[in-house]
Amino acid sequence: MGMLIAVVFAASLWVAYLVVGRLLAPRVAVAERLETLRGHSRRPAPPTGRWSDLPAADRLMDRFSMAPRLEQLLDQADLPLKPFELVLLSAVSGLACALAGMVFRRDLVLSVVLGMAGLVLPFLWVHLRRLRRRDAFNRQLPDALQTVSNTLRAGYGFSQGMQVVATDLPAPISVEFARGLREMNLGLTVEEVLQNIARRMQSPDFDLAVSGILINRQVGGNLAELLDQVSTTIRERVKLQNFIRVLTAEQRLSAIVVMGVPPLLAVILLVAWREYMSYLLFTRVGQAMLVLAALMQAAGIYIIRRIVAIEV
């Protein structure tokens with residue numbers, strides 16, 4: 001027990017040191033900015049320190065091809081962390097939750113369950129932050145397109161319109177357009193910059209705007225008028241989506257209840273009535289019932305999501 005506490009304490013201090021160091025450092029490192037200028041035809045070797053502060057950890061994560069996916073996830077969530085730091089944070093969270101189970105209940109099964117939940121929590125937090133950031137980007141997109149359109153009507157260029165968005169509008173759209181301007185200063189074209197933003201945000205509304213802008217740059221035309229039309233279309237889509245969200249609020253709440261109540265009830269029963277849950281956990285009939293319940297729960301969630309997933 002003492003050794004486990006010491007490991008959790010040391011790992012927590014390391015995580016705190018890494019996180020504080022990343023928060024105080026510049027968010028976009030030189031190596032990360034220059035990475036956008038490299039060709040995508042081959043996979044380059046990662047620069048030392050890009051994914052962690054340990055060369056051995058860099059090589060290990062590169063071998064299992066997990067660092068690029070984690071790096072993309074952190075980039076989309078706009079978190080100043082390296083992939084290895086996220087993995088380390090997940091490990092510390094799992095150890096801390098498992099230690100809490102051992103300290104308060106001295107129950108091995110409960111500690112394992114809490115440890116697995118602790119491993120998932122940091123990744124769940126990053127995923128939710130990415131979703132919230134994308135939603136905020138979509139809400140700000142019509143105003144950004146209208147700003148660029150007004151800038152074009154005033155006689156300025158598209159890059160000047162991006163500069164106005166990066167200066168006057170709030171985050172996250174100002175952060176993305178400011179990053180696009182830095183990429184343009186490093187030599188990327190407008191098409192490449194817009195495609196990079198679309199790849200990071202994965203927004204259907206922004207994909208629509210990018211497609212219109214790229215077609216306009218190829219065939220010509222009034223870009224300001226095109227942006228006005230795209231902005232109006234996106235605003236109408238947002239209104240319709242909000243209306244649909246109101247109509248399907250009850251079904252989405254049902255999905256949350258279906259997904260959250262059984263695991264929570266299982267944990268409560270495991271803590272309060274261990275002998276009651278032991279039949280489900282340690283017998284073949286109980287384990288088969290748990291698997292069947294999980295499959296039925298997943299099917300119910302899938303059906304509800306399909307019902308409320310109305311394309312706009």
Side-chain angles (χ1 to χ4, degrees), residues 26-30 32-40 72 75-80 129-245 311-312:
R27 195 184 73 86
V28 182
V30 175
E32 295 172 346
R33 288 185 289 172
L34 293 178
E35 182 66 20
T36 58
L37 300 178
R38 299 185 180 184
H40 299 283
Q72 182 181 10
D75 196 16
Q76 293 172 349
D78 193 31
L79 287 173
R129 179 183 172 91
R130 180 183 65 173
L131 293 180
R132 288 197 299 267
R133 188 168 184 265
R134 183 190 304 168
D135 292 340
F137 181 89
N138 290 334
R139 290 193 301 268
Q140 298 167 355
L141 183 58
D143 294 334
L145 296 178
Q146 190 65 51
T147 300
V148 175
S149 175
N150 295 337
T151 306
L152 293 175
R153 284 194 174 89
Y156 295 97
F158 186 80
S159 59
Q160 284 78 14
M162 293 183 61
Q163 180 65 50
V164 174
V165 173
T167 304
D168 296 343
L169 270 65
I173 200 165
S174 61
V175 175
E176 289 297 326
F177 275 63
R179 183 170 180 177
L181 288 173
R182 289 195 298 268
E183 293 176 351
M184 291 175 62
N185 293 334
L186 290 173
L188 270 68
T189 63
V190 175
E191 291 81 1
E192 292 172 334
V193 168
L194 293 176
Q195 291 172 355
N196 288 339
I197 297 176
R199 183 170 58 251
R200 287 193 297 268
M201 300 309 301
Q202 296 182 351
S203 168
D205 293 337
F206 189 72
D207 292 341
L208 175 64
V210 171
S211 299
I213 293 172
L214 297 183
I215 293 174
N216 181 271
R217 293 179 67 87
Q218 293 176 0
V219 303
N222 191 338
L223 182 57
E225 183 178 353
L226 173 64
L227 292 178
D228 287 339
Q229 295 175 356
V230 174
S231 177
T232 302
T233 302
I234 294 176
R235 291 183 192 274
E236 294 299 324
R237 287 185 59 185
V238 170
K239 290 181 181 179
L240 185 56
Q241 288 174 352
N242 293 335
F243 181 71
I244 292 174
R245 286 179 63 86
E311 296 293 336
V312 180

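Note that the structure is a prediction, hence the values are computed from the model and not measured.
- Expressed to the nearest 0.5 Å, how far CG of N216 lies from CG of L223 amounts to 4.5 Å.
- Taking all atoms of both residues into account, the shortest heavy-atom contact from A178 to A166 is N-CB, 3.7 Å.
- For R245 and N242, the side-chain atoms include no donor-acceptor pair closer than 3.5 Å.
- One side chain, Q76 or R130, offers a donor N or O that lies under 3.5 Å from an acceptor on the other.
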Stepwise, does the side chain to side chain contact (heavy atoms under 4.5 Å, CB included) test hold for R133 with V175? CA-CA 11 Å; R133 188 168 184 265; V175 175; 4.0 Å; yes

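- Nearest approach of I213 to L226, heavy atoms of both residues: N-CD2, 4.2 Å.
- Looking at T147 and L169, their side chains come closer than 4.5 Å, going by heavy atoms from C-beta outward.
- A side-chain donor-acceptor contact under 3.5 Å links S174 to the backbone of A171.
- The pair R139-D205 does not meet the salt-bridge criterion, since no charged nitrogen lies less than 4.0 angstrom from a carboxylate oxygen.
- Considering all non-hydrogen atoms of both residues, F137 and I197 come closest at CZ-CG2, 4.3 Å.
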Passes side chain to side chain contact (heavy atoms under 4.5 Å, CB included), N150 versus Y156? Steps please. CA-CA 9 Å; N150 295 337; Y156 295 97; over 6 Å; no

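- Taking every heavy atom of both residues into account, P142 and I234 meet most closely at CG-CG2, 3.6 Å.
- Using a 4.5 Å cut-off on side-chain heavy atoms (C-beta onward), L194 and F206 make contact.
- A salt bridge links R200 to E183: at least one charged side-chain nitrogen sits closer than 4.0 Å to a carboxylate oxygen.
- Inter-residue side-chain proximity for N138 and R134 is flagged as met; some heavy-atom pair is nearer than 4.5 Å.
- Listed for the N196 side chain is a donor-acceptor partner under 3.5 Å among the backbone atoms of E192.
- When atom types are taken as modelled, the side chain of T151 and the backbone of G161 share no donor-acceptor pair closer than 3.5 angstrom.
- Residue Q241 holds its CD atom at 11.5 Å from CD of E236, rounded to the nearest 0.5 Å.
- Applying the side-chain hydrogen bond (donor to acceptor under 3.5 Å, both in side chains) test to D228 and every residue at least two apart in sequence or in another chain returns Q146, S149, R153.
- Here the straight-line distance linking atom CG of D135 with atom CD of Q140 works out to 11.0 Å at 0.5 Å rounding.
- One finds the CD1 atom of I173 at 12.5 Å from the CG atom of D168 (value rounded to the nearest 0.5 Å).
- In this structure, the side chain of Q160 engages the main chain of G157 through a donor-acceptor pair within 3.5 Å.
- From Q218, atom CD reaches atom CG of L214 across 6.5 Å, with rounding to the nearest 0.5 Å.
- The residues D75 and R199 are annotated as not salt-bridged, no charged nitrogen and carboxylate oxygen being separated by less than 4.0 angstrom.
- Of all heavy-atom pairs between M184 and S159, the closest is CE-CB, 3.7 Å.
- In the model, T167 has a side-chain atom that pairs as donor or acceptor with a side-chain atom of Q163 under 3.5 Å.
- Note that the CE atom of M162 and the CZ atom of F177 stand 5.5 Å from one another [nearest 0.5 Å].
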Walk me through it: do D143 and R235 pass the test side chain to side chain contact (heavy atoms under 4.5 Å, CB included)? CA-CA 9 Å; D143 294 334; R235 291 183 192 274; 3.0 Å; yes

